[in-house]
Visitor: 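Take this structure, written in structure tokens, and hold onto it; I'll ask about it next.
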Amino acid sequence: MIRTVESSAHASAPVLAAYSYCEAVTGQQARNFAYGIRLLPTPKRRAMSALYAFSRRVDDIGDGALTDDVKVARLEDTRALLTRIREGSVDEDDTDPVAVALAHAARHFPIPLGGLDELIDGVQMDVRGESYETWDDLKVYCRCVAGAIGRLSLGVFGTEPGARGAERAPEYADTLGLALQLTNILRDVREDAEGGRTYLPADDLAKFGCSAGFGGPTPPEGSDFAGLVHFEVRRARALFAEGYRLLPMLDRRSGACVAAMAGIYRRLLDRIERDPEAVLRGRVSLPGREKAYVAVRGLSGLDARHVTRRSVRRRV
């Protein structure tokens, strides 16, 4: 069982200001993520915002216009800051609000900060321009940039006392992260191609005649692009099905947060499946009202109850 300690309500003024900064970053940039964490009690919401703001900083270094050598140096600086946070050497009056907030969150929740080292490792893979021959290769990258975030988040959420199979909660959190990342990869396939990045496994691209890449609004001539997308959608759905087994292990509001974030991505996956070529024409997204509906559904516990019933049927 993973416990959490929610005692940040009595945080000092500098810490509260640092959390406010992180929450502003999350609200402005998180899009889908922000809908989920709104459902959390204040201490957990603040901690998740601190995690997001630090992760956003790492991602922005990788996605920015800096030269590769400068990116590598900035990432190592960020890793050094993470070491300071881990060692407890960030003071409340430090000038970096993200460091202050994350240090406070790490003192009050059992957050496995090594997951942020993994995130930095994954962004360094982007800087090196790595591509992936097989799904097993791509999984290594996805576990760094998304599976690790699932495990970090679980440190904030905790698991319910007596939850059946709770020892596997980090595994399910990791798998759910993979599902979200694969959905991201499908959604951003053209945007990534324009940036010189290819994430889908080379053997999958070859299987469906898509090795030429995705530089325009139409699939490569003679390819089975729809077949490729549907193949990857099935893979993502299997990951979601496995990762959703985490939900019954969480308290109501943490489960609602996870269900909201995962539910938004599952609906994105549905849209991509219905119109595969849409990802080549522009970014596929959900309107705000649909995201709000998914959040309400998560808060109602429908997804967690569905997973629980399915699990019971399997045991019977």
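We count residues from 1, following the sequence as given.
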Visitor: Ignoring hydrogens and geometry, is there a side-chain-to-backbone donor-acceptor pair from Tyr52 to Gln29 under 3.5 Å?
Guide: yes
Visitor: side-chain hydrogen bond (donor to acceptor under 3.5 Å, both in side chains), that's the test. Do Gln28 and Arg56 meet it? Break it down for me.
Guide: CA-CA 11 Å; Gln28 291 166 7; Arg56 179 78 265 168; over 6 Å; no
Visitor: For Tyr141 and Tyr132, I'd like to know if the aromatic rings sit close, meaning centre-to-centre distance below 6.0 Å.
Guide: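 Yes, ring centres under 6.0 Å apart.
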Visitor: Would you confirm whether Lys44, through its side chain, and Phe157, through its main-chain N or O, come within 3.5 Å as a donor-acceptor pair?
Guide: yes
Visitor: Determine whether Leu51 and Phe109 make a side-chain contact, defined as any pair of heavy atoms from C-beta on separated by less than 4.5 Å.
Guide: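 The answer is no, as the side chains (C-beta and beyond) never meet within the 4.5 Å cut-off.
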Visitor: Less than 4.0 Å between a side-chain N and a carboxylate O, is that true for Glu118 and Arg151?
Guide: yes
Visitor: May I ask you to test the Arg235-Asp204 pair for a side-chain heavy-atom distance under 4.5 Å?
Guide: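 Yes - at least one pair of side-chain heavy atoms lies under 4.5 Å apart.
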Visitor: Run the side-chain hydrogen bond (donor to acceptor under 3.5 Å, both in side chains) test on Thr134 and Asp136 for me, step by step, so that the C-alpha distance in whole Å, both residues' side-chain angles and the decisive distance to 0.1 Å come before the verdict.
Guide: CA-CA 5 Å; Thr134 67; Asp136 283 341; 5.1 Å; no
Visitor: Could you check if a side-chain atom of Leu119 sits within less than 4.5 angstrom of a side-chain atom of Asp59, using non-hydrogen atoms only?
Guide: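 They are in contact (side-chain heavy atoms under 4.5 Å apart), so the answer is yes.
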Visitor: Any side-chain to backbone donor/acceptor pair from Tyr19 onto Ala105? Under 3.5 Å, distance only.
Guide: yes
Visitor: Just so I know, are the side chains of Val25 and Val98 near enough to count as touching, which here means a heavy-atom distance under 4.5 Å?
Guide: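 No, too far: nothing below the 4.5 Å cut-off.
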Visitor: With sequence neighbours left out, which residue pairs that include part of residues 212-224 fulfil the salt bridge (charged side-chain N to carboxylate O under 4.0 Å, His left out) condition?
Guide: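 Not a single pair qualifies under salt bridge (charged side-chain N to carboxylate O under 4.0 Å, His left out).
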Visitor: Check the pair Thr218 / Leu280 against side-chain contact (heavy atoms from CB on, under 4.5 Å), numbers first and verdict last.
Guide: CA-CA 6 Å; Thr218 57; Leu280 299 179; 5.6 Å; no
Visitor: Less than 4.0 angstrom from a charged side-chain N to a carboxylate O is my criterion; do Asp96 and Arg57 meet it?
Guide: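 Result for this pair is yes, salt bridge flagged.
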Visitor: Give a yes or no on whether the backbone of Pro219 and the side-chain of Ser223 come within a donor-acceptor separation of less than 3.5 Å.
Guide: no
Visitor: From Asp192 CG over to Arg197 CZ, what is the distance, rounded to the nearest 0.5 angstrom?
Guide: 7.0 Å
Visitor: Going by distance alone, is a donor N or O of one side chain under 3.5 Å from an acceptor N or O of the other, for Ser12 and Glu92?
Guide: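 On atom types as modelled, these side chains qualify, holding a pair under 3.5 Å.
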Visitor: Report the distance from atom CG of Asp275 to atom CG of Asp270, rounding to the nearest 0.5 Å.
Guide: 13.0 Å
Visitor: Among residues at least two apart in sequence or on other chains, which ones pass side chain to side chain contact (heavy atoms under 4.5 Å, CB included) with Thr83?
Guide: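 In terms of side chain to side chain contact (heavy atoms under 4.5 Å, CB included), with neighbours along the sequence ignored, Thr83 is linked to Arg86, Glu87.
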Visitor: Could you tell me if Lys207 sits above the aromatic ring of Phe231, with its cationic atom closer than 6.0 Å to the ring centre and no more than 45 degrees from the axis?
Guide: yes
Visitor: Distance-only, no hydrogens or angles: does the Arg271 side chain make a donor-acceptor pair with backbone N or O of Ser285 under 3.5 Å?
Guide: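 Yes, Arg271 side chain to Ser285 backbone: donor-acceptor pair under 3.5 Å.
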Visitor: What's the spacing between Thr183 OG1 and Gln181 CD if we round to 0.5 Å?
Guide: 9.0 Å
Visitor: Answer yes or no: is there a side-chain heavy-atom contact under 4.5 Å between Pro14 and Asp93?
Guide: no
Visitor: Taking all atoms of both residues into account, what is the closest heavy-atom pair of Pro220 and Gly209, and its distance?
Guide: CB-O, 4.2 Å
Visitor: Could you give the distance from CG (Leu228) to CG (Leu200), rounded to the nearest 0.5 Å?
Guide: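 Output value for this atom pair is 5.5 Å.
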Visitor: Atom CG in Leu82, atom OG1 in Thr78: separation rounded to 0.5 Å?
Guide: 9.0 Å
Visitor: So do the side chains of Arg79 and Asp121 get within less than 4.5 Å of each other, counting heavy atoms only?
Guide: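 Arg79 vs Asp121: side chains touch.
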Visitor: Could you pull out the closest heavy-atom pair between Gly155 and Pro112, with the gap in Å?
Guide: CA-CD, 4.2 Å
Visitor: Shortest non-hydrogen contact from Ala146 to Gly177?
Guide: CB-O, 3.2 Å
Visitor: Applying side-chain contact (heavy atoms from CB on, under 4.5 Å) to Ser254 and Leu154, what does each step give before you reach the verdict?
Guide: CA-CA 9 Å; Ser254 297; Leu154 183 63; over 6 Å; no
Visitor: Would you kindly confirm whether Leu66 and Val123 end up in one hydrophobic cluster when ILVMFWY residues are joined by side chain heavy atoms under 4.5 Å apart?
Guide: no
Visitor: Side-chain contact test, heavy atoms from C-beta onward, threshold under 4.5 Å: evaluate it for Arg267 versus Ile264 and give yes or no.
Guide: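 With C-beta onward as the side chain, the pair stays apart.
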Visitor: Treating His230 as the side-chain partner and Glu273 as the backbone partner, does any N or O pair qualify as donor plus acceptor under 3.5 Å?
Guide: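 A pair under 3.5 Å: yes.
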Visitor: Going by the rule side chain to side chain contact (heavy atoms under 4.5 Å, CB included), which residues pair with Arg143 if we only count those two or more places apart in sequence or in a different chain?
Guide: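 Partners of Arg143 by the side chain to side chain contact (heavy atoms under 4.5 Å, CB included) criterion, ordered by chain and then number, come out as Lys139, Asp174, Leu178.
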Visitor: Do the non-hydrogen side-chain atoms of Val258 and Tyr172 ever get within less than 4.5 Å of each other?
Guide: no
Visitor: Less than 3.5 Å apart, any donor N or O on the side chain of Glu130 or Gln124 sitting next to an acceptor on the other?
Guide: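 Not at all, the side chains of Glu130 and Gln124 share no donor-acceptor pair under 3.5 Å.
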Visitor: Before giving the answer on side-chain contact (heavy atoms from CB on, under 4.5 Å), spell out for Ile85 and Leu116 the whole-Å C-alpha distance, their side-chain angles and the decisive distance to 0.1 Å.
Guide: CA-CA 11 Å; Ile85 293 170; Leu116 291 171; over 6 Å; no
Visitor: Going by an N to O cut-off under 4.0 Å, is there a salt bridge joining Arg74 and Asp60?
Guide: no
Visitor: Once you round to the nearest 0.5 Å, how far does CZ of Arg190 lie from CD of Glu277?
Guide: 12.0 Å
Visitor: Check Ala236 against Leu269 and note the closest heavy-atom contact, atom names and distance.
Guide: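 Of all heavy-atom pairs spanning Ala236 and Leu269, the closest is CB-CD2, 3.7 Å.
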Visitor: Please report the C-alpha distance between Met249 and Glu160 in whole Å, then the side-chain angles of each, then the deciding distance to 0.1 Å, and finally whether the side-chain contact (heavy atoms from CB on, under 4.5 Å) criterion is met.
Guide: CA-CA 6 Å; Met249 302 176 185; Glu160 282 283 79; over 6 Å; no
Visitor: Can a donor-acceptor pair be found, under 3.5 Å and without considering hydrogens, that links the side chain of Lys71 to the backbone of Ala65?
Guide: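 No, Lys71 side chain to Ala65 backbone: no donor-acceptor pair under 3.5 Å.
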Visitor: Identify the two heavy atoms, one from Leu138 and one from Pro201, that lie closest to each other, and give their separation to 0.1 Å.
Guide: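 So the minimum-distance heavy-atom pair works out to CD2-CD, 3.9 Å.
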Visitor: Would Arg266 pass as a cation-pi partner of Tyr244, given that its NZ or CZ must be under 6.0 Å from the six-membered ring centre and within 45 degrees of the axis?
Guide: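 Relative to the ring axis of Tyr244, which defines the angle, Arg266 lies inside both limits.
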Visitor: State, to 0.1 Å, how close Leu39 and Ala260 come at their nearest heavy-atom pair, and which atoms those are.
Guide: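 In this case the closest contact between Leu39 and Ala260 is CD1-CB, 4.0 Å.
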Visitor: Look at Asp91 together with Arg84 and state whether they make a salt bridge at an N to O cut-off of under 4.0 Å.
Guide: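 Salt bridge: no.
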